[in-house]
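The residues of the chain are indexed from 1 along the displayed sequence.
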Amino acid sequence: MINVHSWPTPNGHKVHVMLEECGFRLGRDWQVHAVNIGQGDQFQPDFLKISPNNKIPALVDSDGPDGKPISIFESGAILLYLAAKTGKFLPKSDRAKFKVLEWLMFQMGGVGPMLGQAHHFRIYAPDKIEYAINRYTNEAKRLYGVMDKQLEHQKFIAGNQYTIADIAIFPWLRSWQNQGIDWADHPHLKVWFDKIAERPAVQRGVAVLADARKPLTDDKARDILFGKAQYEKR
């Protein structure tokens, strides 16, 4: 059994989708343990043992590479682990593999952090700071433009094969409206987005824990999610 400690955020959904795409089924092959980041569950000692950076998701596989349990944190590392475990969604040839890894790193270093900041300053920040809103909205638009250009002459992010690069990026684009994006400006990316959204495994993955998440409406939840509680807990 694979145990996933997670929450319905883009980083959580990456792993949920990957598991379902790899043929694992929730309840049969893997189970999810809710880590309510709005309540501070990510600071609990048991969770910190498997995710020392107090971030979701974290995965514990009872059947690790040597037949012994293994725990992994960081969503990108989990995608790579599951790709290696199953032999799926990561090409075998070095040239194709490194192309996928380029775009996985693009997501980890750019799409995730920048779209997250755009979402935060546009929607959740208690003070509407025009400079921050413009900075991160413009960066979100730039990143969408990079991806749109990449998809102008190919089916998927890293080529014509569906890979962990697509799985990593897709959940972050589901909140496009909150990031200040107009799909009309990114037609190639929109075709890709709609195609990924139609995949049954993707639909199952993004539905995991979806009913558990509530909108952030109070200062405590904002503080926990966006920094204050992290310093208070240390």
Do the side chain of [X] and the main chain of [Y] share a donor and acceptor less than 3.5 angstrom apart?
X: Asp41; Y: Val35; value: no
X: Asp148; Y: Tyr144; value: no
X: Asp66; Y: Lys68; value: yes
X: Asp182; Y: Ala184; value: yes
X: Asp61; Y: Ile2; value: no
X: Gln179; Y: Trp172; value: yes

Requested in this report: Determine, using ring centers only, whether Phe193 and Trp176 are less than 6.0 Å apart.
Outcome: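 Distance test on ring centres: not under 6.0 Å, no.
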
Heavy atoms from other residues, nucleotides or ligands near [atom1] of [X] exceed 12 (cutoff 6.0 Å):
X: Glu152; atom1: CD; result: yes
X: Arg204; atom1: CZ; result: yes
X: Lys128; atom1: NZ; result: yes
X: Arg28; atom1: CZ; result: yes

Query - Cation over ring face, Lys195 and Phe156, 6.0 Å, 45° - result: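 Yes, cation above the ring, under 6.0 Å and within 45°.
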
Query raised in the report: Side-chain donor-acceptor pair under 3.5 Å between Ser51 and His5, yes or no?
Result: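 No - no donor-acceptor pair under 3.5 Å links their side chains.
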
So do the side chains of [X] and [Y] get within less than 4.5 Å of each other, counting heavy atoms only?
X: Arg142; Y: Val146; result: yes
X: Met18; Y: Ile78; result: no
X: Ile196; Y: Ile169; result: no

Shortest non-hydrogen separation from [X] to [Y] and the atoms involved:
X: Trp7; Y: Ala34; result: CZ3-CB, 3.9 Å
X: Glu21; Y: Ile167; result: CG-CD1, 4.3 Å
X: Pro113; Y: Gln107; result: CD-O, 3.9 Å

State the [atom1]-[atom2] distance between [X] and [Y], to the nearest 0.5 angstrom.
X: Ile157; Y: Thr163; atom1: CD1; atom2: OG1; answer: 8.5 Å
X: Leu173; Y: Leu189; atom1: CG; atom2: CG; answer: 5.5 Å
X: Leu59; Y: Ile70; atom1: CG; atom2: CD1; answer: 9.0 Å
X: Thr9; Y: Ile56; atom1: OG1; atom2: CD1; answer: 3.0 Å
X: Leu115; Y: Ile181; atom1: CG; atom2: CD1; answer: 7.5 Å
X: His33; Y: Asp46; atom1: NE2; atom2: CG; answer: 11.5 Å

Report task. Test side chain to side chain contact (heavy atoms under 4.5 Å, CB included) on Lys85 and Phe24 and set out the steps. Result -> CA-CA 12 Å; Lys85 180 181 178 72; Phe24 298 113; 4.1 Å; yes

Report task. Test side chain to side chain contact (heavy atoms under 4.5 Å, CB included) on Glu20 and Trp30 and set out the steps. Result -> CA-CA 9 Å; Glu20 292 293 320; Trp30 70 284; 2.9 Å; yes

Report task. I would like to know whether Asn11 and Lys14 meet side chain to side chain donor-acceptor pair (under 3.5 Å); could you show each step before the answer? Result -> CA-CA 5 Å; Asn11 284 333; Lys14 285 187 219 173; 3.0 Å; yes

Report task. Please report the C-alpha distance between Phe170 and Val17 in whole Å, then the side-chain angles of each, then the deciding distance to 0.1 Å, and finally whether the side chain to side chain contact (heavy atoms under 4.5 Å, CB included) criterion is met. Result -> CA-CA 10 Å; Phe170 173 80; Val17 168; 5.7 Å; no

Requested in this report: Under the side chain to side chain contact (heavy atoms under 4.5 Å, CB included) rule, what do Val206 and Arg174 come out as? Steps first, then yes or no, please.
Outcome: CA-CA 10 Å; Val206 298; Arg174 296 177 69 231; 3.8 Å; yes

Report task. Step by step, work out the side chain to side chain donor-acceptor pair (under 3.5 Å) result for Gln31 and Asn3. Result -> CA-CA 5 Å; Gln31 55 189 2; Asn3 291 280; 2.4 Å; yes

Report task. Over 60° means perpendicular and under 30° means parallel, so classify the ring planes of Tyr136 and Phe121, tilted if in between. Result ->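 Rings of Phe121 and Tyr136: parallel, as their planes differ by under 30°.
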
